[in-house]
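Below is one structure, written out as structure tokens, with a few remarks after it.
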There are 2 protein chains.
Amino acid sequence: MDRVKIFSDYIVQKGLKTTNQRMVILKTFLSSRSHYSTEELYLKLRKKHPKIGYATVHRTLKLLAESGVAIEQHFGDRHARFEPVRANRHHDHLVCVECGLIIEFEEPNIRELQLQVAAEHHFKINNHRHELYGLCSRCAAK
Amino acid sequence: MDRVKIFSDYIVQKGLKTTNQRMVILKTFLSSRSHYSTEELYLKLRKKHPKIGYATVHRTLKLLAESGVAIEQHFGDRHARFEPVRANRHHDHLVCVECGLIIEFEEPNIRELQLQVAAEHHFKINNHRHELYGLCSRCAAK
DNA sequence: CAAGAAATTGAAAATGGTTTTCATAATCTA
DNA sequence: TAGATTATGAAAACCATTTTCAATTTCTTG
């Protein structure tokens, strides 16, 4: 289903309101590269929509996460990042600690092993975090 | 090698000083359950050593991490946690989102797959984070 | 062993990302 | 379209973390 619709439905279902700001934020969020921090998205939005406040961006990102359109991530640095939910729901990340490059990868065998481990410990897994930190080829070459 | 010695050596090598506070913090840190947050350790220490300040605990934990005796972790909640380094250096975590239970596990096959993925993307991995979040058997049963 | 240099400590203040407050504005219901 | 409710933006509050600074402790050197 279209992610805009998912969000709209969530808004209605919760008795919230559809505002210009929310739609602008959602579209900008969906249309660009992933892994936005609140500040990055705020700065980007400000160019075309100087009146949108930081708090609104922040609240909307939280709302996007709530509605299932975005996922909140916490990489090593201090700020949260938000990533649009896409078809390949389950992927993990390679993060370059030097330049900040983030590469997504999917490895079904890892998934399988995760489930196995969880079963061994009688855990019921809701979500997970799996990130590999290091140097990308470019930074390693320096 | 003994972890107290590793730390002492680090202190000397860096031209720092061996203080009572540092030794007390180190020993308490090593002698108890893992995964302390700064505040938890501070509160625990305060019972027997009421004069140790929060800042000192914080600085010492950072120092422990620097010296390789501790590893700084960031789980979902907002504060950092520190874990003593042990023999099974490479392990991952199962975290119960309900009661906070943390179980460590090791799965060599996952490690292998990680290396493989990194190689595919020409990444040089320094460290990683791998956590599975969900409900432990006890909480799932409720 | 004592004195001086240098590092450490603890309390309080600063920092910085995140979250909340509050008056005003916009949306939506009836 | 009015009235009720939610959203917005700016500023303030929050809170874990980090830094500052005067006083204290450690350690080196004479």
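What you see is a predicted model, and the numbers here were worked out from it, not measured in a lab. Naming convention: chains lettered A, B, ... in sequence-line order (proteins, then strands); numbering from 1 in each chain.
Among the protein residues, Thr18(A) comes within range of the sugar-phosphate backbone only, with heavy atoms under 4.0 Å from sugar or phosphate atoms but none that close to a base.
Considering only residues two or more places apart in sequence or on other chains, Lys62(B) meets the side chain to side chain contact (heavy atoms under 4.5 Å, CB included) condition with His58(B), Glu72(B). Contacts of Arg81(B) classified as salt bridge (charged side-chain N to carboxylate O under 4.0 Å, His left out), with partners at least two apart in sequence or in another chain: Glu40(B), Asp77(B).
Atom P of nucleotide dC28(C) and atom CG of Asn20(A) are separated by 10 Å, given to the nearest angstrom. A straight line from CZ of Arg46(B) to C1' of dA11(C) spans 14 Å, rounded to a whole angstrom. Summarising the geometry, the separation between CE on Met23(B) and P on dT8(C) is reported as 12 Å, rounded to the nearest angstrom.
Distances shorter than 4.0 Å separate some side-chain N or O of Gln21(B) from OP1 or OP2 on dG10(C).
Residues from residues 52-59 of chain A with heavy atoms under 4.0 angstrom of DNA chain C, sorted by number: Tyr54(A), Ala55(A), His58(A), Arg59(A).
DNA chain D is contacted by both Glu39(B) and Ile11(A); Ile11(A) maps to the nucleotide lying nearer its 5′ end (nearest heavy atom per residue).
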**Message:** One pair to check against side chain to side chain contact (heavy atoms under 4.5 Å, CB included): Leu16(B) and Arg22(B). What are the steps and the verdict?
**Reply:** CA-CA 11 Å; Leu16(B) 307 178; Arg22(B) 283 178 176 164; 3.9 Å; yes

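Ring centroid separation for the pair His93(B) and His35(B) comes in under the 6.0 Å cut-off. Side-chain rings of Phe82(B) and Tyr36(B) stay apart, their centers remaining 6.0 Å or farther from each other.
Inter-residue side-chain proximity for Leu61(B) and Phe29(B) is flagged as met; some heavy-atom pair is nearer than 4.5 Å. Taking the side chain as every heavy atom from C-beta outward, Met23(B) and Ser8(B) approach each other to under 4.5 Å. Taking 4.5 Å as the limit, some side-chain heavy atom of Leu41(A) sits within range of a side-chain heavy atom of Ile25(A).
The hydrophobic cluster containing Val4(B) also contains Ile52(B), counting ILVMFWY residues as joined when their side-chain heavy atoms lie under 4.5 angstrom apart, directly or transitively. Hydrophobic clustering, with ILVMFWY side chains joined whenever heavy atoms are under 4.5 angstrom apart, keeps Ile125(B) apart from Leu115(B).
Atom CD of Glu98(B) has 12 or fewer neighbouring heavy atoms from other residues, nucleotides or ligands inside a 6.0 Å radius. For Glu39(A), the CD atom sits in a loose shell: 12 or fewer heavy atoms of surrounding residues, nucleotides or ligands are nearer than 6.0 Å.
Of the candidates Asp2(A), Leu64(A), Val12(A), Thr18(A), Phe7(A) forms a side chain to side chain contact (heavy atoms under 4.5 Å, CB included) with just one, namely Leu64(A).
If one axis is set at each end of the helix from dC1(C)-dG30(D) to dA30(C)-dT1(D) from five pairs, those axes are 30° apart, to 10°.
Between chain B and DNA chain D, the heavy-atom contact criterion of under 4.0 Å yields a 5' to 3' nucleotide range of dC15(D) to dC27(D).
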Can you check nucleotides 4-7 of chain C for protein contacts, nitrogen or oxygen pairs under 3.5 Å, and list what you find?
residue : atom : partner  : partner atom : Å
dA6(C)  : N3   : Lys17(B) : NZ           : 2.6
dA7(C)  : O4'  : Lys17(B) : NZ           : 3.0

